[in-house]
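Read the structure below first, then the notes.
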Amino acid sequence: MTFQSRVYSLCKQVPAGKITTYKAIADTLGSKGYRAVGNALNKNPDLKTIPCHRVVNKVGRLALGYAFGGPGEQKMRLLSEGVVFVDENHVDLQKCQITQCGHMMISK
DNA sequence: ACATTGACAATTA
DNA sequence: TTAATTGCCAATG
């Protein structure tokens, strides 16, 4: 199992209306390479099977170089799924992020 | 095998 | 508080 395979698996496990962060993913994978996560998603082979639009950075800010149609597209998708935005490009981490508070961190 | 790149994060100024 | 620098990991040239 390669690194990106795990990243993809985690992304696919994020339910609609919810989001996760690069940090969470990297942490779950037991790696500190947050960039590596984004790197993997960057070359995501299939946008349909990999909802990378639900992955945001630690402040809930949408990814910059979203390989799809820009952050605008990503934002639209998130809104469609019911994700709450607190700012132009910031999602409500309090409600939408899969927190580890319930230590329900994305499964491995 | 080495150097560079990249959808990030934490620290320092 | 905002801006710039450094650190990390994996992939790619």
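Residue numbers start from 1 in every chain, and the chains themselves are labelled A, B, ... in the order their sequence lines are given, proteins ahead of strands. From a predicted model like this one, the values you see are computed outputs, not experimental measurements.
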Inset, instruction - Verify side chain to side chain contact (heavy atoms under 4.5 Å, CB included) between A:Tyr34 and A:Asn57, making sure each step is shown before the conclusion. - result: CA-CA 9 Å; A:Tyr34 314 115; A:Asn57 65 11; over 6 Å; no

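The distance from atom CD1 of A:Ile25 to atom OG1 of A:Thr20, rounded to the nearest 0.5 Å, is 5.0 Å.
Two residues, A:Arg35 and A:Ala40, neighbour DNA chain C, and the one matched to the more 5' nucleotide by heavy-atom proximity is A:Arg35.
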Pick out the pairs of N or O atoms, protein on one side and nucleotides 9-12 of chain B on the other, that lie under 3.5 Å.
{"unit_1": "B:dA9", "atom_1": "OP1", "unit_2": "A:Lys58", "atom_2": "N", "d": "2.6"}
{"unit_1": "B:dA9", "atom_1": "OP2", "unit_2": "A:Lys58", "atom_2": "N", "d": "3.2"}
{"unit_1": "B:dA10", "atom_1": "OP1", "unit_2": "A:Lys23", "atom_2": "NZ", "d": "3.3"}

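With hydrogens and angles ignored, the 3.5 Å screen pairs a side-chain donor or acceptor of A:Asp92 with a backbone N or O of A:Gln94. Here the side chain of A:Asp27 pairs no donor or acceptor atom with the backbone of A:Ala24 at under 3.5 angstrom. Within the 3.5 Å criterion, the main-chain N or O of A:Lys95 finds a donor-acceptor partner in the side chain of A:Lys18. Listed for the A:Glu81 side chain is no donor-acceptor partner under 3.5 Å among the backbone atoms of A:Ala16.
Using a 4.0 Å cutoff to heavy atoms of chain A, the contacted part of DNA chain C runs 5' to 3' from C:dG7 to C:dT12.
With sequence neighbours excluded, the residues forming a side-chain contact (heavy atoms from CB on, under 4.5 Å) with A:Arg6 are A:Met1, A:Phe3, A:Leu29, listed by chain and number.
With a 4.5 Å cut-off on side-chain heavy atoms, A:Arg61 and A:Val56 do not count as touching.
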